[in-house]
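Everything on this sheet refers to the single structure shown next.
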Amino acid sequence: MVKKTDIQLFDEEKGVRHDGRRPEDMRPVRMEVGVLDNAQGSALVEFGKTRILAAVYGPREILPKHMTLPGRAILRIRYHMAPFSTTERKNPAPSRREIELSKVIREALEASVFTRLYPRTTIDVFIEVLQADGGTRTAGITAASLALADAGIPMRDLIAGVAVGKVGGRIVVDVDEVEDSMGEADMPVAMMPGLGKIVLLQLNGSLSRDEFKQAMSMAIDAINKIYEMQKSVLKEKFTAYSEAGKNKQQQHS
Ligand code: ADP
């Protein structure tokens, strides 16, 4: 077994990272919507080995009732890592990290959802990390936003996210777990790309002003690519729906 300490984070000669990616390369990204029959909206998102399932229920009645807000819907987010998602079994009870991430993700998603359209209701979003290999909060937001769109919840824009970082002295895109744990800095970013608005920005470690600028610009490039994938996967599903609807109508006429 390769020990983490044996891993060379950046190969200067070849200009590649420990897994062969160039600094600006994301891992293979895969997305699918409508993967669950029993949720109003759902999405599966993969960034390499990081695999996240998001499910949306609502707008629906709030229980307990005292959480109701007269002027708008509330968003309830549960970010959770499955016990089998990490190399060592994770305790299924919500950890401090998961509670904090649920809050950070809620604040990001609240920027996009038109909550005032659904007073006195809740929109519940479950983000289940099936497999964790770095960047789960940004992949989680990307999946949650797709699931909200799949549920038909009106939004200002989709949200897409990626974690950039500094690894072996280089600024790199889509940090995996090895790079996250051994690198110098990790910076998750999420945006409403169509509106050019940042909804999540965190930094673990430190970056100089120039490194920060480079990291942001690389994050924005990657986020724009993720955004295009999100739009195309949604278009594909809803085009298939409308085609099926048309065929049905023709059969009946
Ligand atoms: P993010 O997943 O958004 O990058 P962190 O930086 O906190 O969030 O975590 C980085 C990575 O560390 C995770 O993606 C996961 O692979 C790993 N990790 C986090 N928490 C645990 C845990 N409790 N047990 C094992 N691995 C974990």
Side-chain angles (χ1 to χ4, degrees), residues 1-5 7 9 17-19 21 23 25-31 43-54 77-109 111 125-147 159-168 170-191 198-207 211-212 215-216 218-220 222-223 226:
M1 196 181 139
V2 184
K3 278 193 285 178
K4 275 192 179 171
T5 45
I7 293 171
L9 284 178
R17 294 146 74 177
H18 77 99
D19 58 357
R21 280 186 289 159
D25 288 343
M26 283 188 279
R27 293 171 285 181
V29 180
R30 201 175 78 84
M31 296 175 190
L44 182 70
V45 168
E46 289 173 7
F47 281 69
K49 288 189 204 150
T50 289
R51 178 180 288 182
I52 318 264
L53 186 62
I77 314 292
R78 187 184 82 148
Y79 163 98
H80 181 251
M81 282 178 129
F84 50 80
S85 65
T86 50
T87 33
E88 277 191 29
R89 178 184 180 275
K90 191 209 146 272
N91 183 332
S95 62
R96 283 177 63 128
R97 175 179 170 276
E98 288 168 300
I99 294 166
E100 190 210 321
L101 285 194
S102 300
K103 174 183 177 283
V104 167
I105 294 172
R106 172 173 56 75
E107 287 168 352
L109 292 172
V125 183
F126 295 89
I127 299 170
E128 195 67 19
V129 180
L130 302 178
Q131 193 162 265
D133 187 24
T136 62
R137 77 193 66 194
T138 45
I141 292 179
T142 305
S145 184
L146 268 181
I159 295 182
V162 75
V164 287
K166 184 177 170 187
V167 168
R170 294 297 181 112
I171 303 298
V172 299
V173 172
D174 189 18
V175 172
D176 67 14
E177 185 178 325
V178 168
E179 294 177 324
D180 183 294
S181 60
M182 294 173 62
E184 298 95 283
D186 165 37
M187 186 169 90
V189 185
M191 290 182 69
I198 293 171
V199 291
L200 178 139
L201 178 60
Q202 296 180 297
L203 175 59
N204 187 8
S206 61
L207 295 175
E211 285 168 345
F212 174 78
M216 260 327 276
M218 285 167 86
I220 291 170
I223 283 171
I226 298 164

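Counting starts at 1 for both ligands and their atoms, following the listed order.
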Close-contact set for ligand 1 against Asp186 heavy atoms, below 4.0 Å: 6 (O)

Is there a donor-acceptor pair closer than 3.5 Å between any side-chain N or O of Thr50 and the backbone N or O of Gly134? yes

So which heavy atom in the protein is nearest atom 22 (C) of ligand 1, and how far is it from that ligand atom? Thr86 CG2, 4.0 Å

Nitrogen or oxygen atoms of Gly134 and ligand 1 under 3.5 Å apart: yes

If you take the nearest heavy atom of each of Asp180, Thr136, Ile141, which one is closest to atom 1 (P) of ligand 1? Thr136

Show the atoms of ligand 1 that are less than 4.0 angstrom away from any heavy atom in Gly135. 1 (P), 2 (O), 3 (O), 4 (O), 14 (O)

Which residue and heavy atom of the protein sit nearest atom 23 (N) of ligand 1, plus the separation: Lys90 CG, 4.1 Å

Heavy atoms only: which of Gln131, Glu98, Arg97 lies closest to atom 19 (C) of ligand 1? Arg97

Test: Asp176 and Arg17 ion pair at under 4.0 Å: no

Return a yes/no value for Glu88: is any of its N or O atoms, backbone included, closer than 3.5 angstrom to an N or O of ligand 1? no

Please indicate whether Arg89 has more than 12 foreign heavy atoms, meaning atoms of other residues, nucleotides or ligands, lying under 6.0 Å from its CZ. yes

Counting heavy atoms only, which of Gln202, Arg137, Met81, Glu100 comes nearest to atom 18 (N) of ligand 1? Met81

Can you tell me which residue and heavy atom of the protein come closest to atom 16 (O) of ligand 1, and the distance to 0.1 Å? Glu177 OE1, 2.5 Å

Do other residues, nucleotides or ligands put more than 12 heavy atoms under 6.0 Å from the CZ atom of Arg51? no

